[in-house]
Amino acid sequence: MRSLNGNRPRSVARQVFVLQVAVVVLLAAGAVLALVLQSRHDIDREARNRSVAVAETFARSLGLQEALRSPDPSAILQPLAEATRKATGVDFIVVMDTEGIRYTHPLPDRIGKRFVGTIAPSLAGRVYTESVDGPLGNEIQAVVPVFSDDGRVVALVAAGLTVKSVTGVVDRQLPVILGVSAAGLALATGGSALISRRLRRQTHGLGPLEMTRMYEHHDAVLHSVREGVLITDGTGRLLLANDEAKRLLRLAPDAEGTLIRDLPGLDRQVADLLQSGREATDEVHEAGDRLLVISQRPTRAGGGPEGAAVTIRDSTEMRLLSARADAAHRRLRLLYDAGTGVGTTLDLERTAQELADVAVPRLADFATVDLAEPVLHGDEPTPDAELRRTGVSGIRDDSPLYPQGRLIDFLPSTPQARGINSGRAEVVSALSDAPGWYAQDPRRAQAIIDFGIHSLITAPLTARGVTLGVANFWRSQKPEPFNDDDLSLAEELVARAGITIDNARRYTREHALAVTLQHSLLPRALPEQSAVDVAHYYLPAHSGVGGDWFDVIPLPGSRVALVVGDVVGHGLRAAATMGQLRTAVLNFSSLDLPPDELLARLDDLVQYIDQSGEGGVSDGGLIGATCLYAVYDAVTQRCTMARAGHVPPFVVRPDGSTEMPDLPPGAPLGLGGFPFEAAELDLSEGSQLVLYTDGLIEHPGRDIDEGLELLRASLAHPGRGPHETCRAVLKGLLPVRPRDDVAVLIARTHALSADRIADWEVPFEPSAVGVVRARAVEKLEEWGLSELAFGTELVLSELVTNAIRHGSTPVRVRLLNDGRLLTCEVSDGSSTSPHLRYAASTDEGGRGLFLVAQIGGRWGTRYTPAGKIIWSEQPLPDPVEP
């Protein structure tokens with residue numbers, strides 16, 4: 001544990017140990033110092049005493065005075081003094097006269113010199129000791145007088161020791177002193193270490209400040225934490241209980257120290273757990289009106305004293321919060337799933353069913369969705385409209401609720417009718433006590449109650465201020481009725497679903513309008529013609545009507561134009577643009593233009609529509625369209641075709657072999673500046689020309705090459721008619737839910753036999769007119785068409801006469817009998833076209849073409865590279881029944 005100030009922790013044991021060592025060191029040092037000082041004092045005193053004793057002994061020795069009175073005292077006293085010095089252990093013995101002149105000295109050269117020291121006290125008859133710096137160094141000396149027999153001082157004797165000698169004595173004693181002191185220090189240190197170690201275990205290495213703060217924090221946390229804490233011993237006695245534990249268990253303030261079995265008001269299960277001392281983790285126990293979560297751990301497991309530590313949490317509020325959180329989570333999850341699962345398509349019935357499915361079983365046991373009948377058709381609902389049950393879902397399939405598809409007219413007393421009128425959702429807590437709802441259908445209502453359905457939420461489906469229907473949520477399994485939270489959830493769920501249903505309604509309306517427009521613009525019935533047998537198929541995309549179209553246009557001279565086109569996009573704009581292009585192709589085909597020239601004019605028209613915005617494009621974007629235009633001539637059995645960015649056609653020969661003509665692709669319509677090229681191919685009778693749009697071969701997960709190979713495989717079967725071929729193609733390639741329009745046009749060719757063709761070259765002279773009339777009448781009689789002879793004569797007379805008068809050579813006449821029409825064609829080398837005039841009563845001419853127009857059903861001019869052809873058609877008379 002780190003100290004609170006962030007420095008290295010100093011435990012109580014360590015501090016006590018340091019203090020004890022310091023005390024022992026100080027005591028030992030003091031003892032050594034005291035011993036040294038005492039030793040020094042004792043030795044100094046001993047030195048003085050010895051000096052005095054030696055000096056006095058020598059001063060009183062026999063023969064001293066005789067030696068002093070001798071002529072040479074030094075000769076007698078010096079040997080005697082040195083012998084005595086060595087025998088007594090002093091450093092010097094000096095004998096001097098009263099003037100202080102030495103007679104003896106350890107250093108012979110000092111004899112005769114003055115004594116260093118104080119002699120006055122000794123001259124006065126006293127013994128005097130002192131420390132002086134003498135010849136031998138720092139000396140401790142004693143000076144004593146030598147008395148004569150009459151009591152006079154006749155000489156002085158000094159004896160002493162040097163400080164070095166005294167210190168040597170002390171040094172010899174110091175190891176003993178230090179050894180004793182070290183032994184005492186080691187003993188004291190060891191005792192301090194043992195005490196510190198035990199104290200460290202008890203304090204866990206904490207310092208005093210840390211222990212104080214830890215106790216303060218422990219006390220603050222223990223009694224302020226929102227979790228009960230108990231500590232028990234091995235005998236089942238309560239040692240500690242914080243405030244929260246006393247509150248949760250309703251313990252008395254003085255409960256500590258009481259046996260757990262003696263605690264009043266403690267729940268039996270809780271008491272049993274606390275007395276057992278067993279390990280427990282988050283066990284839930286009821287204590288009165290509270291739900292407690294108890295965890296218990298034995299304290300002896302970690303080497304501690306026998307007992308247990310217990311924590312108690314109050315989960316009563318947590319359970320409520322958890323229940324609310326779970327409910328909120330389920331609510332958000334339901335709304336999220338509704339946002340992603342309701343309205344996945346723009347189909348009204350499917351959207352209503354998705355709403356019913358998402359509510360079961362998370363909100364209700366059964367759910368029904370009723371939509372106004374006009375809404376299902378994309379229209380605005382009317383106040384008196386009946387509702388149709390569109391979506392039904394439930395945990396069981398045998399409920400007595402109205403089945404799906406049933407028309408329902410709710411009575412004004414029902415909650416559904418009230419919700420539709422008010423726009424507010426309503427809860428019916430008990431259906432058995434709802435007479436208004438019961439009156440709708442008493443027998444069915446009773447069956448619903450008997451089935452177990454007891455509660456209802458009805459919520460109107462509204463969007464943009466319009467009520468589209470009503471959603472009903474029924475409860476049967478849960479015994480409690482719907483509450484306000486359920487009502488709020490149902491309102492939010494229905495509010496979101498209402499927008500998706502309204503979007504689906506609007507799409508349904510637009511889709512219906514587009515389908516209506518599309519069908520009105522596509523050919524309702526193909527015109528009669530004898531050049532080809534035709535089968536066709538058109539399927540709008542699942543996401544909406546697009547701009548695909550096809551057409552079969554009869555042309556004069558036993559010819560027919562086959563057209564397939566595709567406008568980019570879907571919806572009303574694409575359908576409207578398609579109608580414009582189809583009308584333009586019809587008009588351009590009436591001019592009998594070649595395919596490449598017709599596409600060039602159609603390209604100019606698309607550019608104009610795009611630039612003027614007539615196609616509904618307001619942001620300057622290109623419309624984009626493709627087209628394939630083919631003209632088949634049953635007389636020559638030749639097909640001329642050109643395409644503008646469209647997928648290529650297929651040709652199926654009578655033997656079942658297929659080929660894709662080498663047809664230049666051309667640029668899509670509207671780009672401008674790109675020429676279109678036509679190609680010609682000969683088709684034997686019975687061949688099939690297959691035209692289609694890209695929606696047939698393109699599909700997610702399948703590239704265009706794979707689609708073309710599938711189409712080729714579907715076509716490669718001999719002996720099938722156009723309708724059989726069309727069914728085979730659709731079966732092999734049509735997706736279940738096409739993402740683009742699909743248009744297919746299959747034409748099987750016919751050939752006009754030679755016996756139904758009459759062709760003559762006319763001399764360029766007026767007399768040839770009569771010859772032509774005669775030949776024509778003869779041919780008509782051969783064909784059994786004598787009824788048309790008179791009219792044919794008039795037509796040929798007028799057309800041949802105009803060709804000779806106003807045209808140029810060569811002039812030819814051709815009659816074609818295709819079994820449906822008789823076509824009279826007069827060609828010449830001039831490109832000048834005649835015009836129909838209305839002649840006045842006084843005019844001599846101008847009535848010829850008027851007569852031609854009146855006699856024939858249609859007439860017109862077709863330009864060729866060699867000139868022009870004026871043609872007129874007459875319908876053949878109905879065959880006479882035998």
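Keep in mind it's a predicted model, so treat the numbers as computed, not measured.
- Put simply, the side chain of Trp549 never gets that close to the backbone of Val563: no donor and acceptor are under 3.5 Å apart.
- His646 contributes no side-chain N or O that, together with a main-chain N or O of Gly666, makes up a donor-acceptor pair within less than 3.5 Å.
- Here Arg814 contributes atom CZ and Trp760 contributes atom CH2; the two are 12.0 Å apart, rounded to the nearest 0.5 Å.
- Taking a 6.0 Å sphere around CD of Glu765, one finds it holds more than 12 heavy atoms contributed by other residues, nucleotides or ligands.
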Legend entry - Worked check of side-chain contact (heavy atoms from CB on, under 4.5 Å) between Val651 and Leu683: CA-CA 9 Å; Val651 174; Leu683 299 177; 3.7 Å; yes
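- Across Leu780 and Ala789, no two heavy atoms sit closer than the pair CD1-CA, 3.6 Å.
- You'll find the side chain of Met641 reaches within 4.5 Å of the side chain of Leu681, heavy atoms only.
- A donor-acceptor pair under 3.5 Å links the side-chain atoms of Thr693 to the main chain of Ala743, judged by distance alone.
- The backbone N or O of Gly670 lies less than 3.5 Å from a partner atom in the side chain of Asp603, making a donor-acceptor pair.
- Between Glu685 and Arg748 there is no salt bridge, since no side-chain nitrogen of the basic residue lies less than 4.0 Å from a carboxylate oxygen of the acidic one.
- Annotation for Glu782: atom CD counts as buried by contact number, over 12 foreign heavy atoms lying within 6.0 Å.
- The heavy-atom pair separating Val635 from Asp633 by the smallest distance is N-OD1, 2.9 Å.
- A salt bridge is absent between Arg775 and Glu778: the closest approach of a Lys/Arg side-chain nitrogen to an acidic carboxylate oxygen does not fall below 4.0 angstrom.
- Salt bridge annotation for Arg702-Glu698: absent, with no cationic side-chain nitrogen under 4.0 angstrom from a carboxylate oxygen.
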Inset, instruction - For Leu711 and Leu696, run side-chain contact (heavy atoms from CB on, under 4.5 Å): C-alpha distance rounded to whole Å, both residues' side-chain angles, the deciding distance at 0.1 Å, then the answer. - result: CA-CA 9 Å; Leu711 178 58; Leu696 179 67; 4.2 Å; yes
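- With hydrogens and angles disregarded, no donor-acceptor distance shorter than 3.5 Å links the side chain of Ser589 to the backbone of Asp592.
- Checked for salt-bridge contact, Asp502 and Arg505 meet the test: a charged N lies under 4.0 Å from a carboxylate O.
- A salt bridge does not link Asp379 to Arg509: none of the charged nitrogens lies less than 4.0 Å from a carboxylate oxygen.
- When atom types are taken as modelled, the side chain of Lys868 and the backbone of Ser830 share a donor-acceptor pair closer than 3.5 angstrom.
- Residues Thr351 and Ala504 come closest through the heavy atom pair OG1-CB, 4.3 Å.
- Distance CG/Leu752 to OG/Ser530: 7.0 Å, rounded to 0.5 Å.
- Atom CD of Glu706 and atom NE2 of His699 lie 11.0 Å apart (nearest 0.5 Å).
- One distance of note links OH of Tyr863 with CD of Glu597; it measures 11.5 Å at 0.5 Å rounding.
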Legend entry - Residue pair Asp548, Tyr538: steps toward the side chain to side chain donor-acceptor pair (under 3.5 Å) verdict: CA-CA 8 Å; Asp548 291 11; Tyr538 173 77; over 6 Å; no
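- Using modelled atom types and a 3.5 Å distance limit, the side chains of His750 and Asp533 yield a donor-acceptor pair.
- Ionic pairing of Asp828 and Arg812 is not present here: no N-O contact between side-chain nitrogen and carboxylate oxygen is shorter than 4.0 angstrom.
- Residues Thr823 and Ser558 have side chains not in contact (no heavy-atom distance under 4.5 Å, counting atoms from C-beta outward).
- Side chain of Arg506 to main chain of Asn503: no donor-acceptor pair is present (N/O by atom type, distance under 3.5 Å, no hydrogens or angles).
- Remark: side-chain polar atoms of Thr801 are not paired, donor with acceptor, to backbone N or O of Glu798 under 3.5 angstrom.
- Side chain of Arg643 to main chain of Leu663: a donor-acceptor pair is present (N/O by atom type, distance under 3.5 Å, no hydrogens or angles).
- We find the CG-CG distance between Leu602 and Asn587 to be 11.0 Å, quoted to the nearest 0.5 Å.
- Atoms OH and CD, on Tyr632 and Gln529 in that order, are 10.5 Å from each other to the nearest 0.5 Å.
- Gln637 and Ser684 form no side-chain donor-acceptor contact under 3.5 Å, judged by distance and modelled atom types alone.
- The shortest non-hydrogen separation linking Pro763 to Ala768 is O-CB, 3.6 Å.
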Inset, instruction - Report the C-alpha separation of Tyr692 and Val742 in whole Å, then their side-chain angles, then the decisive distance to 0.1 Å, and conclude whether the side-chain contact (heavy atoms from CB on, under 4.5 Å) test is met. - result: CA-CA 7 Å; Tyr692 53 94; Val742 176; over 6 Å; no
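- Side chains of Arg773 and Ser797: a donor on one and an acceptor on the other come within 3.5 Å.
- Of the candidates Thr725, Ile746, Val690, Val690 is the only one forming a side-chain contact (heavy atoms from CB on, under 4.5 Å) with Val652.
- Using a 3.5 Å distance cut-off with no hydrogens or angles, the side chains of Asp655 and Ser657 do pair a donor with an acceptor.
- Of all non-hydrogen atoms in Thr508 and Leu376, the two that sit nearest each other are CG2-O, 3.9 Å.
- No more than 12 heavy atoms of other residues, nucleotides or ligands lie within 6.0 Å of CG in Asp662, so this atom counts as exposed by the packing criterion.
- Taking each heavy atom of Phe650 and Met660 in turn, the nearest pair found is CZ-CE, 3.3 Å.
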